[in-house]
Peer 1: 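Before we start, here is the structure in question, set down as structure tokens.
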Amino acid sequence: MSSTFHGLQVAKRGMDAQQATLYTIGHNVSNANTPGYTRQRVSLETFPAYPAPGMNQTGTAGQIGMGVEASTVERIRDTFLDTQYRDETIKVGYWDARAGALEKMEEIMNEPTEDGLSAVFNQFFESIQDLASHPSASHPSEAGARSVMIERAEAVGDTFSYLSTSLKTIQGDLQNERDVAVTQVNSLLEQINNVNQQIQNVEPNGCLPNDLYDERDRLLDEISKFMPVSLEYTKSSGNASATSEGVVTVQLQTSQGPLTLLDGKTHQVNAISLTRNQDSYVTEIHIGDEIRNPESFPQGKLKGLIEASGYMDNSGKKTGVYASMIDDLDEMAYEFVNWFNDKHQQGVTLDGDTGMSFFNEISQKEGAATGIVIADKIKQNTNNIAAASSASSGDDGTGRKGDGQNAQLLSQFRQKVLINSGNQAVSLDGFYQSVIGQMSVDAQQANRLKSNSETLQGAVEQRRQSTSAVSLDEEMTNMIQFQHAYNASARMVTMIDEMLDKIVNGLGTGGR
């Protein structure tokens with residue numbers, strides 16, 4: 001026979017189980033707006049019946065139920081959706097970094113507008129044509145045309161310098177952002193390691209540290225924005241629950257194989273560090289004792305920032321979004337100045353001199369965009385502009401001072417200056433158009449793929465939230481359901497109390 005107080009114990013277990021569920025509902029409601037929180041659910045199980053099967057079991061009509069127990073408090077989470085979300089987050093991080101860098105570049109280049117480099121070149125080109133039309137010193141518009149040409153040439157130099165300097169400033173900002181990203185990754189790894197250790201202290205006692213699991217998953221979501229990682233879980237020792245997750249080992253996925261960022265078993269963090277040259281271009285990436293080339297580093301926000309801010313490729317060449325644009329401007333400036341000087345030196349000034357450079361000489365391509373300066377002799381005396389051709393003939397017998405043929409030749413510089421682009425030589429105009437066109441194509445691609453990735457990420461996040469997020473309506477419904485169950489168990493206690501009162505105070509009183 002079961003105990004006289006059997007019913008009280010069953011009712012008590014019912015009250016305890018419903019109470020645990022109500023407390024968990026309260027925890028869910030309190031964290032409805034907490035980032036990364038996963039709703040929790042109490043797993044209710046039937047308590048083993050009485051009597052247990054055995055040779056000497058008490059003779060009864062059958063096993064009698066012993067009530068309910070709250071076995072575990074579990075998270076409602078789909079790990080498959082977590083993996084999908086992190087895969088999309090990698091793409092979002094990479095394309096967002098590229099799109100942001102290219103957007104700033106488009107704002108600086110400002111093409112096609114009336115203030116861009118192309119428009120400034122047009123104005124310079126027109127000023128040379130005006131001089132070619134009024135080359136003679138006797139023409140009333142000649143002096144003004146020469147002054148305008150110098151002013152427009154200064155505008156070309158100022159525009160080149162402004163573009164190059166502005167690009168380098170943004171590049172410096174991106175390099176700082178890149179270094180901050182590395183610091184953030186290392187900080188996230190340390191935080192995950194700390195949570196791992198806390199989890200390892202709790203799980204052997206048989207408990208599920210759900211809030212610590214949530215914090216770790218939130219940190220893993222954050223780190224997946226910077227680079228692709230794979231996760232390996234190791235069960236804790238001791239009396240750990242069968243549903244416990246254990247500690248996580250975080251590995252970076254590279255084309256040469258996985259690299260351990262965090263070893264969950266030993267709690268060792270292999271921090272990421274960058275080796276940079278004097279221009280802050282990345283030359284090597286260190287992960288613990290391993291070294292990787294920037295080109296082989298996997299996709300993610302960190303790779304996007306490295307590509308935008310600049311790195312050295314396998315051949316030792318500066319590469320990157322901003323590095324390429326700065327180099328293109330330097331090459332344009334270098335070829336333009338050298339060609340223009342060469343043609344100008346072949347012309348004749350109003351004083352009959354030849355071999356006069358219009359710009360100061362530029363000896364190397366690097367930094368040429370910030371080095372376009374009009375020669376002092378030209379600025380001090382506009383008569384030193386060589387508008388005439390030494391091969392022409394004129395009315396004065398010299399045929400060399402005011403025919404304007406050299407100015408006419410100089411006005412064709414946009415089509416005459418040839419720059420190597422790929423496997424062919426193109427004009428200055430064609431080269432600049434291809435540079436701006438490529439920038440626009442890259443920006444459109446980055447924005448399109450960023451938008452696509454964000455759409456896919458949002459769709460996965462919506463499915464994830466439908467599974468894991470707290471629904472206040474659902475929690476209120478559950479609260480009412482388990483409140484009624486709690487009240488019913490409490491009513492059972494009252495009923496059994498009345499039964500026991502009858503036994504204690506009512507039996508054996510007959511005949512009194």
Side-chain angles (χ1 to χ4, degrees), residues 33-39 75-103 174 177-193 195-196 212-233 245 248-255 258-262 264 269 271-272 285 287 292 294 296-309 321 445-469:
N33 297 315
T34 301
Y37 180 78
T38 304
R39 68 187 178 97
R75 298 189 304 159
I76 310 300
R77 198 172 182 102
D78 190 332
T79 56
F80 174 72
L81 292 178
D82 286 340
T83 302
Q84 277 191 314
Y85 177 81
R86 289 164 189 159
D87 288 342
E88 297 304 326
T89 300
I90 296 166
K91 301 173 189 175
V92 171
Y94 176 75
W95 291 114
D96 182 58
R98 281 188 66 89
L102 287 165
E103 181 183 5
L174 289 170
E177 187 177 353
R178 173 202 65 199
D179 295 341
V180 169
V182 172
T183 302
Q184 287 178 320
V185 170
N186 291 332
S187 175
L188 288 170
L189 290 173
E190 290 290 348
Q191 292 178 64
I192 295 171
N193 189 35
V195 175
N196 259 352
L212 291 176
Y213 292 156
D214 285 344
E215 177 63 11
R216 186 172 63 184
D217 283 333
R218 185 188 67 81
L219 294 172
L220 291 172
D221 288 346
E222 283 289 318
I223 204 171
S224 66
K225 178 171 61 178
F226 294 95
M227 60 191 68
V229 295
S230 62
L231 309 176
E232 293 182 2
Y233 291 89
E245 295 183 6
V248 67
T249 294
V250 182
Q251 293 181 320
L252 173 66
Q253 295 299 311
T254 70
S255 57
L259 294 177
T260 300
L261 296 172
L262 167 62
V269 175
I272 295 178
I285 302 175
I287 302 99
R292 289 292 182 269
S296 64
F297 198 76
Q299 199 178 68
K301 181 178 180 179
L302 183 55
K303 177 65 176 289
L305 290 173
I306 290 174
E307 288 182 346
S309 60
V321 176
Q445 180 193 42
N447 287 321
R448 182 180 70 255
L449 292 176
K450 172 191 171 185
S451 177
N452 292 345
S453 300
E454 287 177 338
T455 300
L456 292 174
Q457 182 195 45
V460 175
E461 175 64 7
Q462 188 174 6
R463 292 199 299 273
R464 191 165 73 155
Q465 289 297 316
S466 67
T467 301
S468 301

Peer 1: Just list the side-chain donor-acceptor pairs under 3.5 Å for residues 445-452, sequence neighbours left out, or say none.
Peer 2:
residue	atom	partner	partner atom	Å
Asn447	ND2	Ala443	O	3.1
Lys450	NZ	Asp96	OD1	3.1
Asn452	ND2	Arg448	O	3.4

Peer 1: For Glu245, what residues pass the side chain to side chain donor-acceptor pair (under 3.5 Å) criterion, not counting sequence neighbours?
Peer 2: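 For Glu245, the residues satisfying side chain to side chain donor-acceptor pair (under 3.5 Å) (neighbours in sequence not counted) are Arg75, Arg216.
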
Peer 1: With sequence neighbours left out, what residues match Ser224 under side chain to side chain donor-acceptor pair (under 3.5 Å)?
Peer 2: none

Peer 1: Who pairs with Arg178 by salt bridge (charged side-chain N to carboxylate O under 4.0 Å, His left out), at least two apart in sequence or on another chain?
Peer 2: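 Partners of Arg178 under the salt bridge (charged side-chain N to carboxylate O under 4.0 Å, His left out) test: none.
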
Peer 1: Applying side chain to side chain donor-acceptor pair (under 3.5 Å), name anything that partners Gln462, two or more places apart in sequence or on another chain.
Peer 2: none

Peer 1: Would you say the side-chain atoms of Asp214 pair up with the backbone N or O of Thr38, donor to acceptor, closer than 3.5 Å?
Peer 2: yes

Peer 1: Looking only at heavy atoms, what is the nearest atom pair of Thr260 and Ile287, with distance?
Peer 2: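 That closest heavy-atom pairing would be O-CG2, 4.3 Å.
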
Peer 1: Can you tell if the side chain of Leu231 reaches within under 4.5 Å of the side chain of Val250, non-hydrogen atoms only?
Peer 2: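 Yes, side chains in contact.
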
Peer 1: Please report the interatomic distance CG(Asn196) to CG(Leu212), rounded to the nearest 0.5 Å.
Peer 2: 10.0 Å

Peer 1: Would you say the side chain of Thr254 lies within less than 4.5 Å of the side chain of Ser296, judging by non-hydrogen atoms?
Peer 2: no

Peer 1: Among all residues two or more places apart in sequence or in another chain, which pass the ring pair (Phe, Tyr, Trp, His ring centres under 6.0 Å) test with Tyr213?
Peer 2: none

Peer 1: Considering residues at least two apart in sequence or located in another chain, which fulfil the salt bridge (charged side-chain N to carboxylate O under 4.0 Å, His left out) criterion with Lys301?
Peer 2: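 By the salt bridge (charged side-chain N to carboxylate O under 4.0 Å, His left out) rule, Lys301 matches no residue at all.
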
Peer 1: Partners of Ser230 by side-chain contact (heavy atoms from CB on, under 4.5 Å), sequence neighbours excluded?
Peer 2: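 Counting only residues at least two positions away or on another chain, Ser230 forms a side-chain contact (heavy atoms from CB on, under 4.5 Å) with Gln251, Gln253.
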
Peer 1: With distance as the sole criterion, is a donor-acceptor pair present between the side chains of Glu461 and Gln465 under 3.5 Å?
Peer 2: yes

Peer 1: Using the salt bridge (Lys or Arg N to Asp or Glu O under 4.0 Å) rule, collect all pairs that involve residues 218-227, keeping only residues at least two apart or in two chains.
Peer 2: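 Applying salt bridge (Lys or Arg N to Asp or Glu O under 4.0 Å) to every pair that reaches into residues 218-227, excluding sequence neighbours, yields Arg86-Asp221, Glu215-Arg218, Asp221-Arg464, Glu222-Lys225.
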
Peer 1: What distance separates Leu305 CG from Tyr94 OH, expressed to the nearest 0.5 Å?
Peer 2: 11.0 Å

Peer 1: Can you give each donor-acceptor pair under 3.5 Å made by side-chain atoms of residues 182-190, sequence neighbours left out, with the distance rounded to 0.1 Å?
Peer 2:
residue	atom	partner	partner atom	Å
Thr183	OG1	Asp179	O	3.1
Asn186	OD1	Ile272	N	2.8
Asn186	ND2	Val182	O	3.4
Asn186	ND2	Ile272	O	2.9
Ser187	OG	Gln191	NE2	3.2

Peer 1: Looking at residues at least two apart in the chain, or sitting in another chain, which of them share a side-chain contact (heavy atoms from CB on, under 4.5 Å) with Ser453?
Peer 2: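 If we apply the side-chain contact (heavy atoms from CB on, under 4.5 Å) test to Ser453, skipping adjacent residues, the hits are Lys91, Val92, Trp95.
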
Peer 1: For Ala181 versus Phe226, what's the shortest heavy-atom pair and its separation?
Peer 2: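 That would be CB-CE2, 3.7 Å.
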
Peer 1: Got a second to check how far Ser468's OG is from Asp82's CG, nearest 0.5 Å?
Peer 2: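 It is 6.5 Å, given to the nearest 0.5 Å.
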
Peer 1: Would you call Ile306 and Ile285 a side-chain contact if the rule is heavy atoms closer than 4.5 Å?
Peer 2: yes

Peer 1: Evaluate Leu261 against Met227 for side chain to side chain contact (heavy atoms under 4.5 Å, CB included), listing each step before the verdict.
Peer 2: CA-CA 11 Å; Leu261 296 172; Met227 60 191 68; 4.0 Å; yes

Peer 1: Checking Arg292 now: which residues fulfil salt bridge (charged side-chain N to carboxylate O under 4.0 Å, His left out) with it, not counting sequence neighbours?
Peer 2: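 Partners of Arg292 by the salt bridge (charged side-chain N to carboxylate O under 4.0 Å, His left out) criterion, ordered by chain and then number, come out as Glu290.
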
Peer 1: What distance separates Thr89 OG1 from Leu456 CG, expressed to the nearest 0.5 Å?
Peer 2: 11.0 Å

Peer 1: Roughly how far, to the nearest 0.5 Å, is OG1 of Thr83 from CD of Glu88?
Peer 2: 12.0 Å

